[in-house]
Amino acid sequence: MEKRESGVEAMGVQRKVRMTEEKRQTDGKKTDIKSMTLQELKEEMAAGGKKAFRAAQMYEWMHVKLARNFDEMTNLSKAFREDCKAKYAYTALRAVRVQESKLDGTRKFLFELPDGNVVESVWMKYKHGNSVCISSQVGCRMGCRFCASTLDGLERNLAPSEMLDQVYAITLLTGERVSNVVVMGIGEPLDNYDNLLVFLKMLTDENGLHISQRNVTVSTCGLVPEMRRLADEKMQITLALSLHAVTDEKRRKIMPIANRYQISELMDTCGYYFARTGRRITFEYSLAAGVNDSEEDAMGLVRLAKPLHCHINLIPVNPVKECDFSRTRLSQVKAFQNILEKNEINGTIRREMGRDIDGACGQLRRKNMSGLRDIGGNEAC
């Protein structure tokens with residue numbers, strides 16, 4: 001087996017532009033049509049001598065009606081559809097395993113990609129609407145010590161179509177509209193920057209599902225250059241920084257990315273993001289017993305958050321058997337939250353969803369990789 005890229009030492013690899021093999025399927029060299037923007041699709045049709053209105057028809061089938069293949073595009077001629085089958089790869093993910101929480105109805109999906117890899121997505125039902133948390137990479141090379149997603153390193157980036165279809169497949173499987181999308185599953189989204197940006201623009205495009213940018217959250221462990229690039233796009237999405245420690249020394253022990261970017265750089269970049277977009281940053285802060293949950297840690301978080309008017313999302317760490325972190329007691333989590341609130345910092349404790357279905361990101365994929373493929377009774381999309 002070839003060695004996987006892992007850790008921040010691999011981050012210097014040149015970013016691949018969108019129209020690379022990452023946007024193509026592994027079954028040959030067919031162009032990934034579902035990763036094309038509407039404008040790109042119009043240009044593609046024109047280059048093939050097809051009438052311009054075909055692009056709009058196909059885009060609607062793919063991104064509004066959520067067709068699972070070319071054959072479902074019934075207002076296109078059979079000859080045209082056969083030509084498309086021969087020329088284009090069509091991404092339609094298959095759910096190979098679905099777990100549903102008996103506690104709150106949360107569903108965790110294990111989707112098979114065209115090349116046989118698998119990624120996780122989570123569907124969560126709230127009073128304000130349905131949220132989907134999607135993956136952006138197969139594996140992850142960031143090496144955060146409390147995360148199951150990074151244990152086997154990075155396999156590859158996801159194409160825009162593979163990110164979009166996690167949302168589409170879940171919409172079809174649940175029969176319910178998705179109103180909020182969180183890019184916080186397997187992978188570091190900003191490490192797949194070019195494909196992520198296409199995904200964001202297509203997800204929020206008025207010609208597609210048209211999910212409001214304000215209902216989209218992107219998480220990052222703190223890739224400073226990409227955070228600044230995203231700020232310059234001036235989108236209205238929420239950026240969530242996985243902070244998890246308030247000193248460089250402590251952060252380096254749990255997040256290798258801290259060896260590259262200091263907290264002072266991160267705070268400057270968060271300020272830049274707010275100035276460019278007007279959108280308040282969220283700090284994700286996972287609490288691990290005896291690691292980062294002291295009163296001193298809470299006051300350090302106050303000092304970092306106050307100038308930025310940040311929202312703090314407190315997350316009792318999900319136990320992962322391969323990691324040596326244990327969960328902070330709920331009473332101490334609440335005491336930590338009280339310190340924030342007394343200092344006029346908005347801090348909320350993340351509501352636990354799907355605690356009984358491999359809640360930590362990456363756990364279900366690792367079970368599958370270990371050969372535990374019990375897919376009996378699962379739906380398939």
Side-chain angles (χ1 to χ4, degrees), residues 7-15 136 140-147 150 182-184 187-194 196-197 200 213-214 216-287 291-292 294 296-315 336 339-341 343-348:
V8 294
E9 68 274 7
M11 289 174 54
V13 178
Q14 184 179 4
R15 299 285 189 262
S136 57
C140 182
R141 58 179 166 185
M142 295 298 108
C144 299
R145 287 183 55 209
F146 47 78
C147 181
T150 198
V182 182
V183 191
M184 202 178 287
E188 162 55 54
L190 297 190
D191 193 36
N192 186 18
Y193 183 87
D194 294 306
L196 173 74
L197 189 60
L200 293 173
Q213 290 187 9
R214 290 177 175 266
V216 179
T217 299
V218 172
S219 174
T220 179
C221 66
L223 304 188
V224 167
E226 287 74 17
M227 290 171 69
R228 288 182 173 270
R229 287 177 66 190
L230 188 60
D232 290 337
E233 292 289 334
K234 296 184 179 179
M235 299 182 76
Q236 290 299 292
I237 65 172
T238 297
L239 185 63
L241 172 64
S242 295
L243 187 60
H244 307 315
V246 297
T247 67
D248 289 318
E249 180 183 9
K250 187 172 290 189
R251 198 165 189 262
R252 282 192 291 267
K253 292 179 180 178
I254 59 177
M255 302 180 72
I257 191 67
N259 290 298
R260 177 163 293 209
Y261 304 115
Q262 296 183 347
I263 288 177
S264 59
E265 290 180 87
L266 284 176
M267 297 304 106
D268 287 344
T269 303
C270 288
Y272 182 79
Y273 188 89
F274 178 76
R276 295 290 284 170
T277 66
R279 297 288 289 163
R280 184 175 63 163
I281 296 279
T282 294
F283 285 169
E284 302 284 331
Y285 195 91
S286 292
L287 288 157
V291 176
N292 62 353
S294 68
E296 182 181 0
D297 290 315
M299 289 306 302
L301 194 52
V302 167
R303 288 190 289 272
L304 292 176
K306 192 161 256 186
L308 297 169
H309 306 287
C310 289
H311 172 79
I312 310 295
N313 195 8
L314 299 175
I315 310 164
F336 196 100
I339 293 173
L340 300 181
E341 292 180 343
N343 287 275
E344 301 179 337
I345 300 297
N346 183 11
T348 56

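- For the atom pair OG of Ser294 and CD1 of Ile339, the computed distance is 8.0 Å after rounding to the nearest 0.5 Å.
- Within the 4.5 Å cutoff, no side-chain heavy atoms of Ile315 are placed close to those of Tyr285.
- You'll find the side chain of Leu223 reaches within 4.5 Å of the side chain of Ile257, heavy atoms only.
- Closest approach of Lys234 and Thr277 over heavy atoms only: CA-CG2, 4.0 Å.
- Between Asn259 and Arg251, the closest side-chain pair of non-hydrogen atoms is not below 4.5 Å.
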Would Thr282 and Thr217 satisfy side-chain contact (heavy atoms from CB on, under 4.5 Å), going step by step from the backbone distance to the final call? CA-CA 9 Å; Thr282 294; Thr217 299; over 6 Å; no

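- In terms of modelled atom types and a separation under 3.5 Å, the side chain of Gln213 and the main chain of Gln236 share a donor-acceptor contact.
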Please walk me through it: do His244 and Phe283 pass ring-ring contact (aromatic ring centres under 6.0 Å, His included)? CA-CA 8 Å; His244 307 315; Phe283 285 169; over 10 Å; no

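- A cation-pi contact, defined as under 6.0 Å to the ring centre and within 45° of the axis, links Arg228 to Tyr272.
- In this structure, Met184 and Ser219 approach most closely via the heavy-atom pair CG-CB, 3.5 Å.
- Around the CD atom of Glu296, the shell of radius 6.0 Å holds no more than 12 heavy atoms that belong to other residues, nucleotides or ligands.
- No side-chain donor-acceptor contact under 3.5 Å links Arg214 and Thr238.
- Put simply, CD1 on Ile254 and SG on Cys221 are 11.5 Å apart, with the number rounded to the nearest 0.5 Å.
- Annotation for Phe146 and Met255: closest pair CE2-CG, 4.3 Å, computed over non-hydrogen atoms.
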| message | Let's go through Met142 and Asp191 carefully: what are the C-alpha distance in whole Å and the side-chain angles of both, what is the deciding distance for side-chain contact (heavy atoms from CB on, under 4.5 Å) to 0.1 Å, and is it a yes or a no? | response | CA-CA 9 Å; Met142 295 298 108; Asp191 193 36; 4.0 Å; yes

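- Remark: Leu241 CG to Thr269 OG1 distance equals 9.5 Å, nearest 0.5 Å.
- Nearest heavy-atom pair, Arg229 versus Asp194, reported as atom, atom and distance to 0.1 Å: NH2-OD1, 3.4 Å.
- Judged by distance alone, with hydrogens and angles left aside, the side-chain atoms of Glu265 form a donor-acceptor pair with the main-chain N or O of Gln262 at under 3.5 Å.
- With hydrogens and angles left out, the side-chain atoms of Ser136 and Glu188 include no donor and acceptor closer than 3.5 Å.
- To the nearest 0.5 Å, atom NE2 of residue His309 and atom CD1 of residue Ile281 are 13.0 Å apart.
- Counting heavy atoms from C-beta outward, Leu314 and Thr348 have side chains that stay 4.5 Å or more apart.
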Discussion item. Assess the residue pair Leu287 and Phe336 against the criterion (side-chain contact (heavy atoms from CB on, under 4.5 Å)); give the C-alpha distance rounded to whole Å, side-chain angles, the decisive distance to 0.1 Å, and a yes or no.
Written reply: CA-CA 9 Å; Leu287 288 157; Phe336 196 100; 3.9 Å; yes

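- The shortest side-chain heavy-atom distance between Leu304 and Leu243 falls under the 4.5 Å cut-off.
- One N or O on the side chain of Lys250 and one on the backbone of Val291 form a donor-acceptor pair closer than 3.5 Å.
- Residues Met267 and Leu308 have side chains in contact (heavy-atom distance under 4.5 Å, counting atoms from C-beta outward).
- Scanning all heavy atoms of the two residues, the minimum distance from Gly143 to Pro256 falls at O-CD, 3.3 Å.
- Atoms CG and CD1, on Leu340 and Ile312 in that order, are 6.5 Å from each other to the nearest 0.5 Å.
- With respect to Asp248 and Lys253, no salt bridge is recorded, no charged nitrogen being found less than 4.0 Å from a carboxylate O.
- Side chain of Asn292 to backbone of Asp297: no donor-acceptor contact under 3.5 angstrom is found.
- The shortest side-chain heavy-atom distance between Ile345 and Leu301 does not fall under the 4.5 Å cut-off.
- Contact record, Met227 with Tyr273: O-CD1, 4.0 Å, taken as the closest heavy-atom pair.
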Given Val183 and Ile237, is the side-chain contact (heavy atoms from CB on, under 4.5 Å) satisfied, shown in steps?
CA-CA 11 Å; Val183 191; Ile237 65 172; over 6 Å; no

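- Atom CG of Asn192 and atom CD of Glu226 lie 11.0 Å apart (nearest 0.5 Å).
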